[in-house]
Amino acid sequence: MAKEYKTINEIAGPLIFVEKTEPVGYGELVEIRTASGEAKRGQVLDTSDEIVVVQVFEGTGGLSKESAVRFTGDVIKMPLSPSIIGRVLSGSGRPRDGGPAIVPDVEREIIGAAINPAQRAKPRAFIQTGISTIDGTNTLVRGQKLPIFSGSGLPHNDVALQIARQAKVLGEAESFAVIFCAMGITNEEAQHFMADFERTGALERAVIFLNLADDPAVERLLTPKLGLTTAEYLAFDLDMHVLVIYTDITNYAESLRQMGAAREEVPGRRGYPGYMYTDLATNYERAGIIKGKKGSITQFPILTMPGDDITHPIPDLSGYITEGQMIVSRELHRKGIYPPIDIRPSLSRLMNSGIGKGHTREDHRAVSDQLYAYYAEGVDLRGLAAIVGKAALSERDTMILEFADRFEKRFVNQGRDEDRSIFETLQIGWELLAELPEAMLTRIDDKYIKAYHPKYASAAKAEAEAPKK
Amino acid sequence: MEAVGRVKRIAGPVAHATGLKANMYDLVLVGEEGLMSEVIGISGNKHIIQVYEDTSGVKPGEPVKETGGPLMAQLGPGILTTIYDGIQRPLPLLAERSGDFVSRGIFVDGIDHKKKWEFMPTVKKGDVVKPGQTIGTVQEQLLIKHKIMVPPRHKGGTVKEIHSGNFNVEETVCILEDGSKLVMLQKWPVRVPRPVVKKLPPTIPLRSGQRVIDGFFPLAKGGTAAIPGGFGTGKTVMQQTLSKFAEVDVVIFVGCGERGNEMADLLHEFPELIDPKTGRPLMERSIVYANTSNMPVAAREASVYTGMTTAEYYRDMGYDTMMTADSTSRWAEAMRELASRLEEMPGEEGYPAYLSARLADFYERSGRAEILGGGEGSISIIGAVSPPGGDFTEPVTQGTLRIVKVFWGLDTKLTQRRHFPSINWLESYSLYDKDLEPWFTENVHPDWNKNKRRAMAILQENAELEEIVMLVGSDALPEEQQLTLEVARMIINYWLAQSAFHPVDCTCSFKKQFDLLAATLKYRDYAFDALQRGVSVEQITSVPSKDALAKVKLEEDYEPVLQKALDQMESEFKVLR
Ligand SMILES: Nc1ncnc2c1ncn2[C@@H]1O[C@H](COP(=O)(O)OP(=O)(O)OP(=O)(O)O)[C@@H](O)[C@H]1O
Ligand SMILES: [Mg+2]
């Protein structure tokens, strides 16, 4: 049994400074007992002969210099076994559903070692989410990390839930296991997620970690690490395909900033720690596929951009790490369009490896590029139309302007439970394009036009259906 | 016997130790597990150490062992095709030892010390050999001969014995009169540039196969270029494309603090992709360093030096090498993170005050050079920069732009329009431009430079006109200006735009680059001529041959297609009135 110390010398924010200890390891798990017997956990951030700095996950409230500190000699680990599936845990991994503690088959360090880049397999299996703006123009593949960049008050949670409900890989029966990590979201938001998971039966194949707005902020730093450690276990030990949704990254980053300030570190941009990129990457990079393993980890982090500003360090650094981003737009939301995903600044970097012949359909890239080009041009023209008046636009410009409106109403807009197949999505795309003169379809090869353009496709179909003579 | 010190303090990637005699930048082994580390500061009797591996569990009081020297790269046959981490540990070997996740405290050699290579002497008994001189060769890859050289710091001498046959890299292949033995393995401290006789002026272009680069902002062999851009603007794709198609002998790709899946993509693609020039897999000419964003920051900091040292080594053999670093911002951030743990006085935005000096030292290792062994070799460097918020005024971008000669500025607005490569043609520049003009005139076409200037002028005018269009619409412009807008649009869409993923257009020869641009300029001449004759803009811009020009770039055997389009254009314009 490790020795107990009552040598706290200072308590500052989430940190305690402990003196006169035996040598303590960096990153060690620390257990702290308050005078009233409450147990808290912490982790060593800095250790030397003289002083050990510990961050306390459950907050330092209730601690005093008389509190007892015990260094466990071990780093923080997550207990894991198949029975974890279906459980609801706290943001620090303790049961929150009234159930028993997890009896572990294995225990894993929660600061996961990096996947050896040479052992990664290239992600290329197309995930159909049933949402046209994702499947059609920003295709997701298994093993990708694709965050949703949103703003406060926008329906990003609905989008995430719809993805969680509908995501599937064509031709495969198994569905995803879901890891849901809440970091500092409100109780109401959490309920919204939980209710949906229950309604759809997703809860039975989910592990939920809840750190809510009134839970300790430091604990949030732990939550995604616990979730991702669990995800790695499900994916690489139990061969499952795992979808990790974690929200809200912004709250996580705020906790990081708070920690940095408590440690009196030299801050980086806008007060966030200089190592925030690396820290975020240690979460985001825990997505992917490993050669020779059956499972996979796909991540859907959600973050709300402070002030809808995409250059804010949180979305900015995230964008530099993730494999694209989906932007939820306030403007589209105001127009009543759901899901209000603006495809122009959105991007899926792994789209190319998941689409085309053998994945979706050969014309996918071309259709996507063409839709994209005219939608972007159309939105730009709105500005001009507002200045010079619609009447002053050329015939071509007017067509493109109208195309953009129709695109939003028919392609972008869909029901919260509408699960479109990729072929339906492409069909809608073609129908929209067919309303433009064929000569304007400059990004589409003639052979695809002949094969899929409604004008020819219906002719071909009629021919095929015509009784043979 | 080297001294053994003790860990006094440990916080993240930085440890303090006492009782060491190690010099600055010496490699030391921290803790019971012997984690690879480097001395980065000495203050009083305290050594400050950056640890290349995760430090969880390391305690004060654990030993710190000296190794007696700095971090060295291992140089010799077997480097090509290997994927390393930031401190030159082959990642497949790490996987053999520790499985799918990188664990720590593992030592592996940068190259296989057991593997036998066939050594063929190129000097004989009695020859006098100088430092840097080739004494023999090994066929490292089918097309790449590895030259075994007298190490630069060796004094050389008269060959007493030299053997042909199969040797591993530790076995003696040559003995000099003074008794010194030469092996195929060299070790070189990564932070020290390998010497050359002298640097040569940049007068030869490095063919990149990208029209916007070769045509507008060319890089010279041995030159330096920075490619800054916000996230998703195409830095990685551009570096990968250059690694595939640039006309160099050896490519060193340093993935410095970026994504694991990108490395997987590259490792998946390179062995399969065939180098059009040689007909061999691209991997055979490549060396990859992968220190992804979630791998230890200290090793990330070291990775650019390790990569550079291997580039220099192949340059010393007389090869043209290219090193791409993706991203130098992550390297700078690693420096910042380590500096802040040293409690140094921070400079701008928390970066250490020596940031620009480090950047300069790094890019300074580039160049076309006369090598010690005679002849020349080159290192071209392409550094990606990831400015926060895409704002180029930040310290890393600014520090880099003060040093490099070529600036390919990526523009989020172009990315959002899906115009690739998203290199902004108004802001980017190449300071090699003038030095390279004679080469293009002599080797490609006498009109190369003239056409370039014409195209640039059109784009310049276009930018001014676009501002007016935003206010009044294009119909309000005079007809010549409407036509200029149209021609500019053609230059942008037909010529500058080049998809990295198109099977044919992903690369483009100098001749094709020239012909395509010349064709668009030809259209311009016909068009203005017709306008003079009183033909309407509407008519001019709807000649069918114009659309035919758009797709010429997608043709492998483009010349007949282009000729047909030009002939058609000629006859179409003839009848316009
Ligand atoms: N030359 C190109 N041709 C076609 N598509 C491109 C090209 N360059 C970039 N793209 C597209 O843009 C996406 C983002 O490019 P890339 O990954 O190179 O960005 P980046 O600048 O490296 O971003 P980050 O800083 O986040 O790493 C690619 O996935 C691809 O879809
Ligand atoms: Mg990149």
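So that the names make sense, note that chain A is the first sequence line, chain B the second, and so on, each numbered from 1.
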Please find the pair of heavy atoms, one from [X] and one from [Y], that lie closest to each other, and give the distance.
X: A:P345; Y: B:Q416; result: CB-NE2, 3.5 Å
X: A:T278; Y: B:V297; result: OG1-CG1, 3.8 Å
X: A:N116; Y: B:L91; result: ND2-O, 2.9 Å
X: B:G389; Y: A:R269; result: N-NH2, 4.0 Å
X: A:A114; Y: B:N294; result: CB-ND2, 3.5 Å
X: B:A264; Y: A:R120; result: CB-CB, 3.7 Å

Would a 4.5 Å heavy-atom cut-off, applied to side chains only, mark [X] and [Y] as touching?
X: B:V51; Y: A:Y26; answer: no
X: A:P273; Y: B:E337; answer: no
X: B:D100; Y: A:F236; answer: no
X: A:E323; Y: B:E262; answer: no
X: A:N352; Y: B:F501; answer: yes

Per-residue contact mode, [X] against chain A (heavy atom under 4.5 angstrom):
X: B:M263; answer: side chain
X: B:R104; answer: neither
X: B:L554; answer: neither
X: B:L267; answer: side chain
X: B:I10; answer: both
X: B:E269; answer: neither

- Message: Any side-chain to backbone donor/acceptor pair from A:Y275 onto B:E333? Under 3.5 Å, distance only.
- Response: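 No: the side chain of A:Y275 does not pair with the backbone of B:E333.
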
- Can you tell me if NZ on A:K293 sees more than 12 non-hydrogen neighbours from other groups inside 6.0 Å?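 Atom NZ in A:K293 is crowded, with more than 12 foreign heavy atoms closer than 6.0 Å.
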
- Query: Listed by chain and number, what are the side-chain contact (heavy atoms from CB on, under 4.5 Å) partners of A:K447, not counting sequence neighbours?
  - Reply: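 With neighbours one apart ignored, the set is A:D445.
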
Spatial distance of atom [atom1] ([X]) from atom [atom2] ([Y]) [nearest 0.5 Å]:
X: B:S56; Y: A:I76; atom1: OG; atom2: CD1; answer: 9.5 Å
X: B:S98; Y: A:Q119; atom1: OG; atom2: CD; answer: 9.0 Å
X: A:Y320; Y: B:S293; atom1: OH; atom2: OG; answer: 14.0 Å
X: B:S340; Y: A:R263; atom1: OG; atom2: CZ; answer: 9.0 Å
X: B:E349; Y: A:R270; atom1: CD; atom2: CZ; answer: 11.0 Å
X: A:R286; Y: B:F101; atom1: CZ; atom2: CZ; answer: 8.0 Å

Give the member of [options] that has the highest number of heavy-atom pairs under 4.5 Å with chain B.
options: A:P117, A:P315, A:G143; value: A:P117
options: A:R349, A:Q325, A:K291, A:R344; value: A:R349
options: A:I321, A:L384, A:I387; value: A:I321

- Task: Could you look at A:A373 and say if it's the side chain, the backbone, both or neither that has a heavy atom under 4.5 Å from chain B?
- Result: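 Neither part; nothing is under 4.5 Å.
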
- Task: Determine, step by step, whether B:K59 and A:E28 satisfy the side-chain contact (heavy atoms from CB on, under 4.5 Å) criterion, reporting the C-alpha distance in whole Å, the side-chain angles of both residues, the deciding distance to 0.1 Å, and the verdict.
- Result: CA-CA 10 Å; B:K59 294 182 175 136; A:E28 246 181 57; 3.6 Å; yes

- Message: Does B:R9 form a side-chain contact (heavy atoms from CB on, under 4.5 Å) with A:T47? I'd like the steps, not just the answer.
- Response: CA-CA 5 Å; B:R9 175 179 174 193; A:T47 170; over 6 Å; no

- Give a yes-or-no answer on whether the side chains of A:Q144 and B:N261 include a donor-acceptor pair shorter than 3.5 Å.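 A:Q144 vs B:N261: no donor-acceptor pair found between side chains.
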
- Is B:R418 salt-bridged to A:D369, cutoff N-O under 4.0 Å?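 Not counted as a salt bridge, because no side-chain N and carboxylate O are separated by less than 4.0 Å.
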
- Message: Is the positively charged end of B:R259 above the ring of A:Y284, judged by distance under 6.0 angstrom from the centroid and angle within 45° of the axis?
- Response: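 No, B:R259 does not sit over the ring of A:Y284.
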
